[in-house]
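Notes for the one structure printed next.
Each chain gets a letter, A, B and so on, in the order its sequence line appears, and its residues count up from 1.
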Amino acid sequence: MASTSISLRLTPIARYLLRRADDGLILGHRLSEWCGHAPMMEEDVALANIALDLIGQARLLYGYAAETEAAGHTEDDFAYLRDVDAYENILMVEQPNGDFAQTIARLFLYSAFIDSYWRRLAESSDTTLAAIGAKAEKESAYHLRHAGQWVIRLGDGTSESHQRVQKAIDLLWPFTGELFEADADEQVLIAKGLVPDPKALRENWQTLTGQVLCQATLTVPPENWMQRGGRHGNHSEHLGHLLSELQFLQRSYPGATW
Amino acid sequence: MTPIDRLHRARRIAGQVVDPEIPVLALEDLGVVRDVRLVSDVIEVDITPTYSGCPAMHIIALDIELALDKAGLSPARVKTVLSPAWTTDWLSSEGHRKLAAEGIAPPQGASRRALFGFTEVVCPHCRSHETEEITLFGSTACKALWRCRSCKEPFDHFKCH
């Protein structure tokens, strides 16, 4: 493994796989930052468990991307040897953790989308994609349940927890538009029945998040301007800092192995 | 040893390798060995992950190769297959029995529940139904932590998946 970044010649399917894998890896990394810092022991274990699921899902997607790209890259190359602008995760997952309420609010907004997305992917005409979807949706169902319970507990808790989680929802809301984005390349895959159309999941997502926020006595932010750019490699300043930690070992000790 | 004998022995030995995180369970109880076949001279074993991020999968593959080598059945290689995806329905009834005997409540109920659905888990120690969940995420990816209100003992619950 060399220390320089890899150059990619991506087919639409490989690019699609990297995008979805990037979402999982970056959110998984963010959650792993809580390890040893969570407000209680159970939550420490829970967030680390969820991080492990997300990184595991990313590995399956990177592995399949490597297979379809057929350029000799490995899952590790994709994670450790791409620069910030080659990452195409959505902007929401790279945002800093903030306080516990903000971490939970993000996990909830993301899981409410990805849970139904994986379930639809399980119906893909591609057997590997279908298998990844079938595996991941079992895990995301637990993430959604856990995060949803916390949003309700915090929202309907003390005035302090209520205002913190409301502030988090308001802060993250403009990042939710990217969940439903699909560019021309992805449209081709959707038309072939290989992957689900994220736009078709928006109504269900609005209903689900609306119900939970209502039960949590929280206010759904108004529809407004949405942040974009992650899917085309235009990131906030936070991703570069995150990658400097995630990629440190391979960048400093090129080719190091266990 | 004929190739057929070698294949039969390989199948038995791969199935008897134990799960590194829950060593009361053999792989045949867990249902993760999907196929054992002979490809030219190589024993090829297909395994499937329980959870996407399960760190035990790598160790399981290594343990299978080691066990086959120890039994004089090399060369062998282990491959990971994703389809069909593993669910807790693949756990054998023997697996359920062994889990309960170890103090781990086996998976109960449907593998997919309502968002905030109610699950009833029987205490593996005193068989009481008076139990409650402490946390959805326990000591390994496949377990949740529960406690019994009757005998007061905490216990692991193998999650429905």
Side-chain angles (χ1 to χ4, degrees), chain A residues 21 24-25 28 32 38 40-61 63-64 67 108 111-112 115 118-119 122 124 126-150 152 208 211-212 215 258, chain B residues 21 31-32 34 46-62 79-91 107 109-119 132-147 154-161:
Chain A
L25 178 67
S32 78
M40 64 186 85
M41 177 73 98
E42 286 80 4
E43 210 40 48
D44 212 286
V45 175
L47 293 174
N49 255 287
I50 295 169
L52 195 61
D53 283 343
L54 292 171
I55 294 167
Q57 293 162 6
R59 287 189 60 188
L60 297 179
L61 295 161
Y64 192 33
E67 204 181 309
F108 170 67
S111 303
D115 184 49
W118 293 138
R119 230 177 311 151
S124 169
D126 179 293
T127 50
T128 304
L129 284 176
I132 292 172
K135 181 94 291 189
E137 72 100 4
K138 300 262 173 36
E139 293 153 3
S140 58
Y142 278 98
H143 306 170
L144 175 58
R145 188 159 165 241
H146 185 70
Q149 285 174 339
W150 264 117
I152 293 168
L208 176 60
Q211 280 169 351
V212 170
Q215 205 180 329
W258 290 110
Chain B
E21 288 194 2
V32 298
R34 284 291 160 76
D46 282 348
I47 59 172
T48 192
T50 48
Y51 276 67
S52 309
C54 183
M57 290 314 292
H58 184 66
I59 307 294
I60 287 175
L62 210 66
K79 290 173 70 177
T80 303
V81 293
L82 299 178
S83 181
W86 183 88
T87 74
T88 36
D89 295 340
W90 287 80
L91 261 176
S111 65
R112 191 177 182 89
R113 288 162 297 178
L115 181 52
F116 303 123
F118 176 75
T119 315
E132 62 190 350
E133 181 184 284
I134 298 173
T135 173
L136 258 184
F137 298 92
S139 55
T140 65
C142 57
K143 287 180 288 187
L145 190 60
W146 283 60
R147 84 177 130 225
F155 62 90
D156 277 329
H157 171 223
F158 202 104
K159 291 195 270 196
C160 285
H161 189 62

Self-check item: Contact origin within B/T50 toward chain A - heavy atom pairs under 4.5 Å
Solution: backbone

Quiz prompt | B/T140 versus chain A, the contacting section by heavy-atom distance below 4.5 Å | solution = backbone

Self-check item: Approximate separation, where rounding is to 0.5 Å, of A/E42 CD and B/L136 CG
Solution: 11.5 Å

Exercise. Indicate yes or no: at least one non-hydrogen side-chain atom of A/E43 is less than 4.5 angstrom from one of B/F137.
Key: no

Quiz prompt | Top of B/G138, B/P55, B/A144, B/P84 for chain A proximity - count of heavy-atom pairs under 4.5 angstrom | solution = B/G138

Quiz prompt | Contact winner vs chain B - A/A136, A/G63, A/A131, heavy-atom pairs under 4.5 Å | solution = A/A131

Quiz item: Atom OG in B/S83, atom CG in A/L129: separation rounded to 0.5 Å?
Solution: 11.0 Å

Quiz item: Could you give the distance from OG1 (A/T127) to CG (B/L82), rounded to the nearest 0.5 Å?
Solution: 9.0 Å

Practice problem: Using side chain to side chain contact (heavy atoms under 4.5 Å, CB included) as the criterion, list what pairs up with B/S139, not counting sequence neighbours. | Solution: B/K143, B/D156

Self-check item: Shortest non-hydrogen separation from B/A85 to A/A134 and the atoms involved
Solution: CB-CB, 3.9 Å

Quiz prompt | B/K159 (side chain) donor-acceptor with A/Y142 (main chain) under 3.5 angstrom | solution = no

Practice problem: Look up atom CD1 in B/I134 and atom CE in A/M41, then write down how far apart they are to the nearest 0.5 Å. | Solution: 12.5 Å

May I have the list of side-chain donor-acceptor pairs in residues 50-58 of chain A shorter than 3.5 Å, sequence neighbours left out?
from, atom 1, to, atom 2, distance (Å)
A/D53, OD2, A/H143, NE2, 2.8
A/Q57, NE2, A/E139, OE1, 2.8

